[in-house]
Q: 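Shown below is the structure under consideration.
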Number of protein chains: 2
Amino acid sequence: MRLTTKGRFAVTAMVDLALRGGDGPVTLAGISERQRISLSYLEQLFGKLRRHALVESVRGPGGGYCLAKDMHTVSVADIIRAVDEPIDATQCGGRENCHDDHRCMTHDLWTKLNDKIYEYLASVTLGDLVESQHVKNIAVLQDKREAAQTPAGKSAAYI
Amino acid sequence: MRLTTKGRFAVTAMVDLALRGGDGPVTLAGISERQRISLSYLEQLFGKLRRHALVESVRGPGGGYCLAKDMHTVSVADIIRAVDEPIDATQCGGRENCHDDHRCMTHDLWTKLNDKIYEYLASVTLGDLVESQHVKNIAVLQDKREAAQTPAGKSAAYI
DNA sequence: CTTTACTCGACTAAAACAATCGGGTATTAT
DNA sequence: ATAATACCCGATTGTTTTAGTCGAGTAAAG
C-alpha cells in the first residue's frame with residue numbers, strides 16, 4: 001500500500017462527490033474549485049477511479065461523475081488502490097539486498113506492517129468519512145450559535 | 001512516519017549488529033558484506049543512528065559499532081525515526097489544499113492511520129526480530145536434517 | 001453546430017531518494 | 001614514528017517518482 005498525496009487527493013475528491021451525489025452528476029470543475037485540486041489532475045485521477053468501477057461518468061452538458069456503488073461499501077483502501085496502482089508490498093520479494101540465509105530477515109516485519117495499514121484503510125468507508133464530516137458541520141453550526149449567544153466580540157472558547 | 005528503503009536498510013543493519021554484538025564491536029565492512037549494503041551508505045546511516053544514541057562507535061583497528069542499549073528496549077520505530085528524520089505526519093497541517101470549512105476533511109483519517117503505523121512499529125523491538133531470526137535458523141537446520149534423512153535426490157516437500 | 005464536460009496519452013518540472021566521493025580524525029600495532 | 005584500520009562528515013551526483021500540464025479528441029445536450 002503506497003501512501004502519497006495522489007491517494008489523499010482521490011479520497012478527498014471522493015468525499016466531495018459523496019457529499020453532493022444526491023442531485024445528479026458532479027462536475028470535476030466543481031470539485032476542482034471546492035477542493036483546490038487542478039482540473040487536469042482530477043481528470044487523471046477520475047479516469048482511474050472509473051476504470052476501477054468506483055465512479056460512473058455522464059458526458060455532455062449536465063454531465064459529471066456519480067458514485068458507482070453505495071458509499072458504505074467503498075473503503076478508503078479501494079480508492080487508494082485505484083489511483084496508486086502498484087500495491088508495493090514489502091519490496092523484499094527477491095531483491096538483491098536479500099541473500100543467503102539472511103534473506104528477508106525483516107521480511108515478516110514489513111509484511112505485517114502492510115497488513116496493519118491495509119486492515120485499517122479497509123475498515124474505513126466513504127460513508128464513514130461523509131458522516132464524520134456531517135458531525136463536524138453540525139459542530140461548526142453549534143459553535144456559531146454559541147458564539148452568537150456569547151457577549152459581543154469575545155469568544156468563550158479560550159477562557 | 002516515512003517508510004523508505006533507507007529505514008529498511010537501517011533495521012536490517014541493526015538486526016545484523018544485534019546478532020553479533022556479543023563479541024566486541026562489529027565493523028560496517030562486515031555488515032556491508034553480509035547484508036549487501038554499500039559501505040558508504042552504511043556510514044551515512046550509522047552516523048544518524050549514533051547521533052540518536054542507538055549505537056556507540058569504537059574507532060581504530062578492532063573498532064566498529066555496538067548497540068548502545070539493550071536490544072529489547074529499542075523499537076523499530078526508534079530506528080526508522082533516527083534515519084528518516086522528518087516524521088511527516090498527515091501533510092495536512094496548513095497546506096494549500098485544505099481550505100474553508102472543507103479544511104482537512106480527511107485529516108482525522110490520516111492522523112489515525114499514522115498512529116496505527118507508529119503503534120505497530122513501536123511494538124516491535126530489535127530483540128523480537130533477533131529472536132524470530134533464531135527461530136528461523138533452527139527451522140533451517142531442522143529442514144536440512146530432515147532432507148538428509150530423505151532418500152537420495154528427491155525432496156519430500158513437493159509430493 | 002456550438003457548448004459542455006468527459007477521455008486519453010504524452011510530456012515536463014521539481015522534489016525526493018539512493019548512493020557515491022573525497023578528504024578528514026582517532027586508535028592500535030609494528 | 002608511521003602504517004593500517006575504521007569511523008566521521010559534508011558535498012555532490014544520478015535516478016526515480018511524483019505532481020501537474022498540455023493538447024487533441026469524443027459524446028451528448030440544447
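Residue numbers begin at 1 in each chain, while the letters A, B, ... track the order of the sequences.
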Q: Within the structure shown, what part of the strands sits under 4.0 Å from B:Gly47 by heavy-atom distance: base, sugar-phosphate, or nothing?
A: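 B:Gly47: no heavy atom of the nucleic acid under 4.0 Å.
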Q: Is a side-chain N or O of A:Thr27 found less than 3.5 angstrom from the main chain of A:Gly64, in a donor-acceptor match?
A: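 Checking the backbone N and O of A:Gly64 against the side chain of A:Thr27, no donor-acceptor pair under 3.5 Å is found.
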Q: For D:dC9 and B:Tyr41 - does any side-chain N or O of the residue sit under 4.0 Å from the phosphate oxygens OP1/OP2?
A: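 So the side-chain polar atoms of B:Tyr41 never come under 4.0 Å of the phosphate oxygens OP1 or OP2 of D:dC9.
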Q: Taking B:Val124's backbone N and O only, do any of them form a donor-acceptor pair with B:Ser75's side chain (distance below 3.5 Å, no angle check)?
A: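 No; judged by distance alone, with no hydrogens or angles, the pair does not exist.
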Q: Is there a donor-acceptor pair closer than 3.5 Å between any side-chain N or O of B:Thr111 and the backbone N or O of B:His107?
A: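 At least one qualifying donor-acceptor pair exists.
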Q: State, with a plain yes or no, whether a side-chain heavy atom of B:Leu126 is found less than 4.5 Å away from one of B:His72.
A: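 No; the side chains remain at least 4.5 Å from each other.
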Q: Can you tell me the distance, in whole Å, between the CD atom of B:Glu43 and the P atom of D:dT5?
A: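 In whole Å, D:dT5 P and B:Glu43 CD are 15 Å from each other.
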Q: Salt bridge between B:Arg81 and B:Asp78, side-chain N to carboxylate O under 4.0 Å?
A: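 A salt bridge is present here (some side-chain N lies under 4.0 Å from a carboxylate O).
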Q: Rounded to the Å, how far apart are B:Leu28 CG and D:dC9 C1'?
A: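 Checked: the CG to C1' distance equals 13 Å.
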Q: For A:Arg59 and D:dA29, is the shortest distance between a side-chain N/O and OP1 or OP2 below 4.0 Å?
A: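 No, A:Arg59 has no side-chain N/O under 4.0 Å of OP1/OP2 on D:dA29.
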Q: Under 3.5 Å, is there a donor on one side chain and an acceptor on the other for A:Ser132 and B:Asp108?
A: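 No, no side-chain donor-acceptor contact under 3.5 Å.
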Q: At what angle, to 10 degrees, do the two end axes of the helix from C:dC1-D:dG30 to C:dT30-D:dA1 meet, given five pairs define each axis?
A: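 Inter-axis angle at the ends, rounded: 10°.
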Q: To the nearest Å, how far apart are A:Leu39 CG and D:dG20 C1'?
A: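 After rounding, the reported distance stands at 12 Å.
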Q: Could you check whether A:Ser40 gets within reach of a base, just the sugar-phosphate, or nothing at all, counting any heavy atom under 4.0 Å?
A: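 Base contact.
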Q: So, do A:Val76 and A:Thr125 sit near enough that their side-chain heavy atoms are less than 4.5 Å apart?
A: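 Side chain of A:Val76 against side chain of A:Thr125, heavy atoms only: no contact under 4.5 Å found.
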Q: Could you please name the option among D:dC8, D:dA19, D:dT21 that lies closest to any side-chain atom of B:Tyr65?
A: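 The answer is D:dC8, which lies nearest to the side chain.
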Q: Does the A:Thr106 side chain pair with the main chain of A:Leu109, one donor and one acceptor, at a distance under 3.5 Å?
A: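 Checked: no pair found.
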Q: Between D:dA4, D:dC7, D:dC9, which one does the side chain of B:Arg51 approach most closely?
A: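 Between D:dA4, D:dC7, D:dC9, the one nearest the side chain of B:Arg51 would be D:dC9.
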Q: In terms of the nearest nucleotide of DNA chain D, which residue is placed more toward the 5' end: B:Gln44 or A:Lys6?
A: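 Nearest-nucleotide comparison on DNA chain D picks B:Gln44.
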Q: Where does the chain A footprint on DNA chain C start and end, counting 5' to 3' with a 4.0 Å heavy-atom cut-off?
A: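 Going 5' to 3' along DNA chain C, contacts run C:dT3 to C:dA10.
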Q: What is the separation between atom CG on B:Leu45 and atom P on D:dC8, rounded to the nearest whole Å?
A: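 Going from CG in B:Leu45 over to P in D:dC8 covers 13 Å.
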Q: Identify the heavy atoms of A:Gly7 and A:Asp84 that sit nearest to each other, and give their distance.
A: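 Smallest heavy-atom distance, with atoms named: N-OD2, 3.9 Å.
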Q: Round to a whole Å and report the spacing from CG of A:Leu42 to P of D:dA19.
A: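 To the nearest whole Å, that distance equals 13 Å.
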Q: Send over the distance from B:Phe46 CZ to D:dG10 P, rounded to a whole Å.
A: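 So the two atoms are 18 Å apart, to the nearest Å.
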